[in-house]
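Here's the structure, in structure tokens; my notes come after.
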Amino acid sequence: MNAPEKLKDTLNLPKTNFPMRANAVVREPARMNHWETSEVYAKMQKKNQNGPSFVLHDGPPFTNGDVHVGTALNKILKDSILRYKNARGFRTPYLPGWDCHGLPIEHKVTKKLRASKKEFDAVELRKECEEFSKSYIETQRSQFKRLGVLADWEKEYKTMNPAYEAEILRTFADFVDQGLVYRSKKPVYWSIPCQTALAEAEIEYLDHTSPSIFVRFQIKGEQDEYLVIWTTTPWTLPANLAVAVHPRETYSEVQANGSSYWIAEQRVNEFTQECGFSDHTIGRTCTGAELAGKATLHPFIDRDSMVVTAEYVTMDTGTGCVHIAPGHGLDDYLTGLEHDLEIYCPLDDGGKYLDDGQIPKELVGLSVLEKADGSKANHAVLEILTSSGALLAQKQYNHQYPHCWRSKSPVIFRAMDQWFVSLDKEDLRTRCINGLKEVSFTPEWGRNRIHGFLEARPDWCISRQRSWGVPIPVFFDDDGNVLLDSKLIEFLAAKISQDGCNLWFSQTAEELLAGYELPDSWKGRKLTKGQDTLDVWIDSGCSHRAVLRENEEVSCPADLYLEGSDQHRGWFQSSLWTSMVSTQSAPYRRILTHGFVVNGEGKKISKSDGKPQTADSFVTKYGADVLRLWVCSEDFRRDIPLSDEILEQAVRAYRTLRNTLRFQLGALHDFSQAEHLVPIEQMSPIDLWTLGKTNDLIREVTDACEKYEFHRAIQCLNRFCSGILSSTYHDVIKDRLYTLDPNDPLRRSTQSALTKVFETLIKLIGPFTPYIADEAWAFGQSGEEYCKDSLSLQDWPKEIDLGAGQIAVSDVQELLDLKDSHVNEALESLRVKKEIGQSLDAWVTLCIATDSKFVEILKRRSLDELAELFIVSSVTLENLPSGEGDKVTACHASGIRCPRSWRWVPELVKVEPWGEVSPRCAEVLAKIG
RNA sequence: GGGCUCAUAGCUCAGUUGGUUAGAGCACCGUGUUGAUAACGCGGGGGUCGGUGGUUCAAGUCCACCUGGGCCCA
């Protein structure tokens with residue numbers, strides 16, 4: 001080694017290859033690959049194989065696009081929790097999943113196939129859907145990995161796997177077995193030209209002109225006294241079964257032309273205008289609740305129509321009296337259920353009135369479908385109403401009306417046979433609600449939320465008229481009787497567990513039933529397959545049995561389900577119902593929910609905000625650690641704001657962290673724990689103080705993590721880097737690190753403490769920002785980019801017992817407080833007067849009263865220690881009388897400035913070949929020489 | 001319209017069972033350093049705690065209403 005040529009070269013300045021700039025976009029993927037090839041996930045599991053397990057069960061994302069930033073947030077939280085729990089010694093198996101079936105995929109694929117003008121059947125459609133789903137699984141998996149998510153990707157689950165599909169069917173078989181499944185009508189959107197049911201997503205709202213009519217319903221038992229309804233779908237009147245009024249609104253009796261018409265008070269003016277009443281008076285008034293219970297006569301069918309109350313009745317349009325046809329509207333349907341009305345729908349698949357003995361002869365066979373010249377059914381109904389005098393007024397009405405996305409024709413709401421699960425039979429609802437008592441919620445209000453849903457939801461409609469899903473395995477005979485048989489479903493599940501659900505679509509009923517012994521009463525009948533598929537909430541909702549019970553490394557109930565707060569209504573609930581039916585208990589011990597990502601103004605992010613909000617759009621700009629730091633800085637239980645400003649803040653926090661770690665690595669470049677470690681008992685006070693603060697940090701961060709309050713952990717870490725390290729410890733120790741002899745005990749003491757601080761820090765940030773933590777760890781271990789064992793294989797840091805060092809710690813704390821409150825103030829005033837620049841130019845005098853707490857402290861501490869803590873060249877003491885209070889004064893240091901240590905000393909000593917330096921530096925240089 | 005929920009400095013967050021002039025980090029402004037330098041130190045400004053009313057000796061903290069967000073329904 002060449003002799004140093006300049007004084008600066010005799011200093012032990014920081015030295016490290018740890019790059020100042022992350023270059024995360026390039027270097028993070030390399031580290032990700034390193035983790036993958038070195039099988040970090042498997043090693044983490046092996047490390048804790050005998051530890052207690054912590055099972056976080058992954059809610060499967062839907063596989064129809066790039067990973068959204070909200071989904072990224074979810075996966076980042078899961079990964080952070082698992083990395084933390086693993087560091088705490090838990091076995092943390094993580095089997096990620098994918099939700100594959102469902103309308104959005106079927107919709108997209110259908111569009112694509114239709115554009116190619118090819119004919120296709122359900123089997124081909126399903127094949128395309130499967131390919132579609134598979135391709136996005138590949139995309140999303142790689143995007144999740146890029147976020148730093150560690151998982152058992154070999155054992156990921158897919159709801160379209162045959163084995164999984166079989167479990168869905170077995171869940172359905174359990175429902176059937178317990179007598180919960182029944183068939184009933186429910187209105188769905190129906191496209192008459194396409195002869196198919198439509199989902200909300202397949203509906204387009206287009207401008208449409210409908211007849212708007214006011215129709216009177218005579219109150220039973222009263223002469224010339226009527227309720228008046230308003231509707232824009234005359235064709236639904238034959239299915240009218242009730243009239244709904246608002247319970248708390250006022251209704252008035254309008255007397256005109258010798259008759260009485262009951263109308264909501266607020267609607268009287270418009271109504272009388274529409275009807276052209278030149279002269280009318282207002283008679284009695286009452287509330288809607290008082291009208292309820294009366295019977296009215298259907299205007300042209302011999303049938304009563306009851307007056308009922310409904311909260312959804314509005315005063316904006318119409319008459320405040322709503323025509324209810326339970327078979328032709330969702331509100332009507334729910335009102336029907338509430339009042340035990342028949343879900344009546346006298347239409348066939350072609351939208352033509354059926355002859356059921358009630359429909360007037362002149363209507364039977366007429367289609368309700370609207371064509372250019374209107375709907376035949378509407379015309380005929382209007383004719384009947386006109387001739388009977390029930391029609392009070394009529395005009396054309398322009399509004400938005402739902403249309404079929406394919407045929408562009410108006411759709412109708414039409415009740416069809418659906419499959420339902422009864423939620424009250426076998427006390428199922430009560431059992432679910434009780435089951436929640438054993439479940440913990442973060443935040444606690446999640447319990448209220450799911451409880452409300454459980455109490456209020458009507459029976460579960462589980463059938464969908466779709467192809468991309470798991471079929472409802474029922475058979476019909478020619479008379480429409482249904483074969484619903486749990487044994488048969490189990491039999492089919494066994495077949496499907498091998499070949500998948502495509503079997504149902506590609507085979508005939510005979511082929512499917514081959515090998516199954518039908519019940520005697522069903523033998524010999526000609527059977528056809530059912531056409532419906534199961535609600536996809538059953539798919540994901542039975543993951544507890546398809547995944548948690550089918551893989552030996554996990555178990556049920558899971559320790560944690562963690563999803564967005566929308567899943568109180570979705571997955572948390574569907575999982576609970578299915579689990580309660582199958583196993584009599586909830587599938588989770590704790591439910592943790594996060595809010596939704598919103599923009600800088602706190603509003604929901606939408607496509608109109610501009611750029612697509614994919615995880616990749618952020619990762620390719622900022623890197624995964626910055627995105628993760630953002631996630632973990634936010635209180636995720638409420639709305640989570642995201643903006644450029646907020647991400648820039650995460651960038652700055654990341655840079656601070658990076659610089660802090662880089663400084664420490666540089667300071668530790670010549671330190672070996674094996675050779676140089678100084679035991680606690682021999683450490684200097686400032687080092688002990690820092691270790692004390694590090695203990696506090698460990699406690700605070702651990703506490704925050706245990707409560708899943710990562711944002712508190714990040715705040716503690718930021719404060720630690722800034723307040724404890726950067727402005728205090730790092731600043732103080734520079735002098736001894738740089739200027740002392742490399743092996744000086746004081747210097748080695750500091751390096752010993754710094755090693756502990758450094759390792760603690762990177763272990764604490766490991767769950768949140770794994771890339772930089774592992775990078776710093778590798779440089780700390782080997783001085784190079786990678787080392788043998790990843791940081792992920794290290795345990796969570798433990799507090800250090802400082803023992804007798806506590807006294808020194810509190811001394812240092814008092815002196816640092818004095819520095820904050822008095823010393824810096826004195827220095828700043830000198831600086832303002834341009835008398836000093838850096839603090840080492842100063843000489844501080846402490847004026848201590850005889851009754852001051854510092855009297856005792858100063859007996860234990862040397863003035864050199866004080867000068868070091870204050871980062872000044874010298875400190876002297878003066879005594880003040882009791883009761884005076886402590887004072888601090890400062891002036892420019894006297895003597896000569898040492899060009900090596902920059903401290904002012906009375907005189908310099910000459911050392912060849914470097915020239916004049918302070919006596920302390922001279923001793924150091926003598927050893928080098 | 002309903003259920004659940006949120007609202008503290010420019011930003012992200014603390015603020016224990018109601019009790020002295022509401023805190024932190026970042027940002028901002030000023031300044032020092034140039035041996036953490038696309039870094040670091042020191043100093044400073046900045047909030048009538050969304051609004052209104054109430055309970056109380058005392059409220060960011062309890063109650064009511066209102067305003068504005070979010071999720072889920074309708």
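Below, each value reflects all heavy atoms present in this structure, side chains not excepted, and no hydrogens, waters or symmetry copies. Here is the naming used below: chain letters follow the sequence lines, and residue numbers restart at 1 for every chain.
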Which part of the nucleic acid does [X] contact within heavy-atom distance under 4.0 Å: base, sugar-phosphate only, or nothing?
| X | result |
| --- | --- |
| A:Pro641 | sugar-phosphate |
| A:Leu11 | base |
| A:Gly837 | sugar-phosphate |
| A:Arg900 | base |
| A:Glu634 | sugar-phosphate |
| A:Trp902 | base |
| A:Gly602 | sugar-phosphate |
| A:Pro899 | base |

_Same-atom distance (P) from B:U12 to B:U5, integer angstrom_ =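 So the two P atoms sit 23 Å from each other.
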_Suppose we call two aromatic rings close when their centres sit under 6.0 Å apart. Are A:Tyr622 and A:Trp630 close by that rule?_
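No, too far apart.
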*Ring centroid separation A:Phe413 to A:His328 under 6.0 Å*: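 No: the rings miss the under 6.0 Å criterion.
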*asked:* At less than 4.0 Å, is any side-chain N or O atom of A:Lys8 found next to OP1 or OP2 of B:G35? Yes or no.
replied: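 Yes, because at least one side-chain N or O of A:Lys8 sits under 4.0 Å from OP1 or OP2 of B:G35.
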_Side-chain N,O (A:Lys834) to OP1/OP2 (B:G32) below 4.0 Å_ =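 The answer is yes; a side-chain N or O of A:Lys834 sits under 4.0 Å from OP1 or OP2.
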*Assign a letter to each nucleotide of nucleotides 36-41 of chain B from its 5' end: B, base within under 4.0 Å of a protein heavy atom; S, sugar-phosphate only; -, no contact.*
BSBSSB
*List the protein contact pattern of nucleotides 2-10 of chain B with one symbol per nucleotide (5' to 3'): B for base contact, S for sugar-phosphate-only contact, - for none; contact means a heavy-atom distance under 4.0 Å.*
-BSSSS--S
*Once you round it to whole Å, what is the distance between P of B:C71 and CD1 of A:Ile450?*
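Checked: the CD1 to P distance equals 19 Å.
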*asked:* For A:Trp571 and A:Tyr561, take the angle between the two ring planes, folded into 0 to 90°, and tell me which bin it lands in: parallel under 30, tilted 30 to 60, perpendicular over 60.
replied: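 Ring orientation of A:Trp571 relative to A:Tyr561: parallel.
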